K.L.:
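Let me begin by handing over the structure; questions about it come next.
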Amino acid sequence: MPAPAAIARAFAALCLACIAYVTFAHADDAPLPARLADTGIDGANVIPFSPQYPLWSDGAGKRRWIALPRGAHVDASRADEWQFPPGTKLWKEFAVGGKPVETRYIERLSNGDWRFAAYVWNESGTEATLASPRGASVPVADAPNGRYLVPSRGDCLACHASAPVPVLGFSALQLSPDRDPLAPGGRPRTQGEIDLRALVASGVVRNLPPSLADKPPRIEATTPVERAALGYLHANCGHCHNTGEQRVPLKLTLAQRAGDARASHDEVLRTTIDSMSRWRPAGSDDARVVVPGHAGASVLAQRMRSRHPQVQMPPLGTQLPDTEGLALLTRWIDEDLPTRKETR
């Protein structure tokens, strides 16, 4: 993992490189609506879904939806780089203390670019209005330190533009019917939430490779704990640490690929286990990303546990460490990895 200054430089370069590919507006498209209700979230073609490995967001409850233009479909011929048609819209609602606080919105424009926005709910939960592009700090009693942080559009780019496709959480692996029961923060699908099999059957997703249609995708792993740990890293870290062209420029892969599960599994282990990190803890010469049998000495766990702004990972989007996720990763590192016959 890099030094803090290197992280800042990497994210700055990444955002600049991606501005041509992920933008906020286009002359042929209407301005962002001032109200969430006018984005189409209540339309008849809106489909609810839930990824099996959710992103940690300080314990906020979430609901998600997607809508495609009438007659359009998602092209899944590239198993891990789905192509979404212009007019695609996605929403993600964040609730704290059971009350909606923010809904994030992603839309693919007519020229193929993507734009991002956030809508902040009023205290009574009756209406959400467009937030400033600079983000916001909203007083919420049940949020960490009594403040809920709404990301800026630049913050959105820092994560979404690092992935091969800027849509996160709506993919073959995340929507697999073979859901991981040990996923931290995960839950069974609720009534109405669609999965991969139903998406293919309805024609919303087309051209999925037959191997993934016949056998639901899942993460390759030697134990159930390893499967859940790798899924957690995929959801929380893989959008930046992957093998795509827009990734953070580090030799660290934490994203899983449904199209080649075994190779993906091996790549993650090869770049984490006993691999040296460029970030070093104070007073230590041992800076390995993952040290089998020693989660406390593993840079991965140390940075996930920290909330120092120059140390924490992920670097954006959370004020609190995920104790459930850390417990799972600690168990994987301390108990599963030392028993492996092969760690390369």
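If you're wondering where the values come from, they're calculated on a predicted model, not measured in any experiment.
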K.L.:
Under a 4.5 Å cut-off applied to non-hydrogen side-chain atoms, are V138 and V150 in contact?
P.N.:
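Of all side-chain heavy-atom pairs linking V150 with V138, at least one is under 4.5 Å.
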
K.L.:
For residues F170 and L175, determine if any side-chain heavy atom of one lies less than 4.5 Å from a side-chain heavy atom of the other.
P.N.:
yes

K.L.:
Counting only heavy atoms not in R189, do more than 12 fall under 6.0 Å of its CZ?
P.N.:
yes

K.L.:
Closer than 4.0 angstrom, basic N to acidic O: yes or no for R187 and E193?
P.N.:
yes

K.L.:
Counting distance only, does the side-chain N/O of N45 pair as donor-acceptor with the main-chain N or O of L68 below 3.5 Å?
P.N.:
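Checked: pair present.
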
K.L.:
Without swapping roles, check the side chain of D80 against the backbone of R257 for a donor-acceptor pair under 3.5 Å.
P.N.:
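Between the backbone of R257 and the side chain of D80 there is no qualifying donor-acceptor contact (under 3.5 Å).
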
K.L.:
Against W82, only a single residue in V165, N207, V205 fulfils side chain to side chain contact (heavy atoms under 4.5 Å, CB included); can you say which?
P.N.:
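For W82, the side chain to side chain contact (heavy atoms under 4.5 Å, CB included) test succeeds with only one of V165, N207, V205, which is V205.
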
K.L.:
What residues, two or more places apart in sequence or in another chain, satisfy ring pair (Phe, Tyr, Trp, His ring centres under 6.0 Å) together with W56?
P.N.:
none

K.L.:
Are the side chain of R64 and the backbone of F49 linked by a donor-acceptor contact shorter than 3.5 Å?
P.N.:
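Not a single qualifying donor-acceptor pair exists.
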
K.L.:
Is D274 paired with R288 through a side-chain N to carboxylate O contact shorter than 4.0 Å?
P.N.:
yes

K.L.:
Donor-acceptor pair, S171 side chain versus Q174 backbone, under 3.5 Å?
P.N.:
yes

K.L.:
I'd like to know if the side chain of S298 and the backbone of H294 have a donor-acceptor N/O pair within less than 3.5 Å.
P.N.:
yes

K.L.:
Any sub-3.5 Å donor-acceptor pair from S306's side-chain atoms to H308's backbone N or O?
P.N.:
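Yes, S306 side chain to H308 backbone: donor-acceptor pair under 3.5 Å.
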
K.L.:
When you compare the side chain of L337 with that of I273, does any pair of heavy atoms fall below 4.5 Å?
P.N.:
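A side-chain contact under 4.5 Å exists here.
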
K.L.:
So do the side chains of V140 and R147 get within less than 4.5 Å of each other, counting heavy atoms only?
P.N.:
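No; the side chains remain at least 4.5 Å from each other.
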
K.L.:
With side chain to side chain donor-acceptor pair (under 3.5 Å) as the test, would you mind laying out the steps for E102 and Y148 before giving the verdict?
P.N.:
CA-CA 9 Å; E102 173 200 7; Y148 179 89; 2.3 Å; yes

K.L.:
Does R227 reach the side chain of P181, with side-chain heavy atoms less than 4.5 Å apart?
P.N.:
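Yes - at least one pair of side-chain heavy atoms lies under 4.5 Å apart.
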
K.L.:
Main chain of M304, side chain of R307: is a donor-acceptor contact present, judged purely on distance under 3.5 Å?
P.N.:
yes

K.L.:
For N122, look at atom CG and say whether over 12 heavy atoms of other residues, nucleotides or ligands are found less than 6.0 Å away.
P.N.:
yes

K.L.:
Does the side chain of D75 come within less than 4.5 Å of F84's, by heavy atoms?
P.N.:
no

K.L.:
Assess R104 against F94: is NZ or CZ under 6.0 Å from the centre of the six-membered ring, and within 45 degrees of the ring's axis?
P.N.:
yes

K.L.:
How close do R280 and A287 get, heavy atom to heavy atom, and via which atoms?
P.N.:
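So the two residues come closest at CG-CB, 3.6 Å.
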
K.L.:
Say you draw a straight line from CD of E335 to CD of E226; how long is it, rounded to the nearest 0.5 Å?
P.N.:
13.0 Å

K.L.:
Spell out, as yes or no, whether a donor-acceptor pair under 3.5 Å connects the side chain of T271 to the backbone of E267.
P.N.:
yes

K.L.:
To the nearest 0.5 Å, how far apart are CD in Q312 and CG in L320?
P.N.:
10.0 Å

K.L.:
Apply side chain to side chain donor-acceptor pair (under 3.5 Å) to T318 and D58, showing your working.
P.N.:
CA-CA 6 Å; T318 67; D58 290 342; 4.5 Å; no

K.L.:
Would you mind reporting whether Q83 and T88 have side-chain heavy atoms less than 4.5 Å apart?
P.N.:
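T88 does not reach Q83 side chain to side chain.
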
K.L.:
Verify side chain to side chain donor-acceptor pair (under 3.5 Å) between D322 and Y232, making sure each step is shown before the conclusion.
P.N.:
CA-CA 11 Å; D322 181 0; Y232 182 86; 2.8 Å; yes

K.L.:
Can you confirm whether W121 sits close enough to E127 that some side-chain heavy atom of one is under 4.5 Å from a side-chain heavy atom of the other?
P.N.:
no

K.L.:
Are H234 and Y53 close enough that their ring centres sit under 6.0 Å apart?
P.N.:
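No; Y53 has its ring centre 6.0 Å or more from that of H234.
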
K.L.:
Quick check: does any side chain N or O of N242 sit under 3.5 Å from a backbone N or O of H239, one acting as donor and the other as acceptor?
P.N.:
yes

K.L.:
Passes side chain to side chain donor-acceptor pair (under 3.5 Å), D178 versus S176? Steps please.
P.N.:
CA-CA 5 Å; D178 186 2; S176 174; 5.4 Å; no

K.L.:
Under the side chain to side chain contact (heavy atoms under 4.5 Å, CB included) test against L300, which residue among V289, L252, T272 passes?
P.N.:
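Testing L300 for a side chain to side chain contact (heavy atoms under 4.5 Å, CB included) against V289, L252, T272 leaves exactly one candidate, V289.
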
K.L.:
Side chain of S57, backbone of A60: donor and acceptor closer than 3.5 Å?
P.N.:
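No, because the side chain of S57 does not come within donor-acceptor range (under 3.5 Å) of the backbone of A60.
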
